[in-house]
Amino acid sequence: MSEQKPSVGRVVHYVSHGTPNGEYLPECRAAIVTAVDQYQPAGEDDRFIGHVDLCVLNPTGMFFKQGVHQDEGDGVLEPSDFRPAQCNGLSHKGGTWHWPERVS
Ligand SMILES: [Zn+2]
């Protein structure tokens with residue numbers, strides 16, 4: 001799944017930032033890919049995924065976010081990631097995107 005490359009128009013999950021005191025928790029939001037960074041650093045194979053630009057759809061409004069990095073849930077959490085979002089049994093940092101779980 002993580003080897004899939006994003007493309008314009010695909011729907012992914014964007015993880016919202018929670019608030020430090022936990023009034024708002026990070027949550028998965030639907031987001032449409034509006035642009036994909038095609039830059040591929042030397043040494044990376046073609047599975048490399050750069051950042052994407054997203055149109056994030058919240059239940060009460062939407063916003064645009066550029067330069068969002070993927071976090072498929074196996075990354076190392078920073079101390080500032082006080083409470084990651086749980087999605088499909090994995091932890092995801094706020095401010096990142098990942099593929100939604102498949103519902104069969
Ligand atoms: Zn999710």
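Numbering of ligands and ligand atoms starts at 1, following listing order. Everything quoted here is computed from the prediction, not taken from an experiment.
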Main-chain N/O of T34 paired to D53 side chain as donor or acceptor, under 3.5 Å: no
Three-point angle C87:SG, the Zn ion (ligand 1), H13:ND1, rounded to the nearest 10°: 120°
Identity of the N, O or S atom of H98 lying closest to the Zn ion (ligand 1): NE2
T96 side-chain N/O to H69 backbone N/O, donor-acceptor pair under 3.5 Å: no
Plane angle bin for H98 and H92 - parallel if under 30°, tilted between 30 and 60°, otherwise perpendicular: parallel
Contact flag H92/the Zn ion (ligand 1), N/O/S atoms, threshold under 2.8 Å: no
Donor-acceptor under 3.5 Å (S16 side chain, E27 main chain): yes
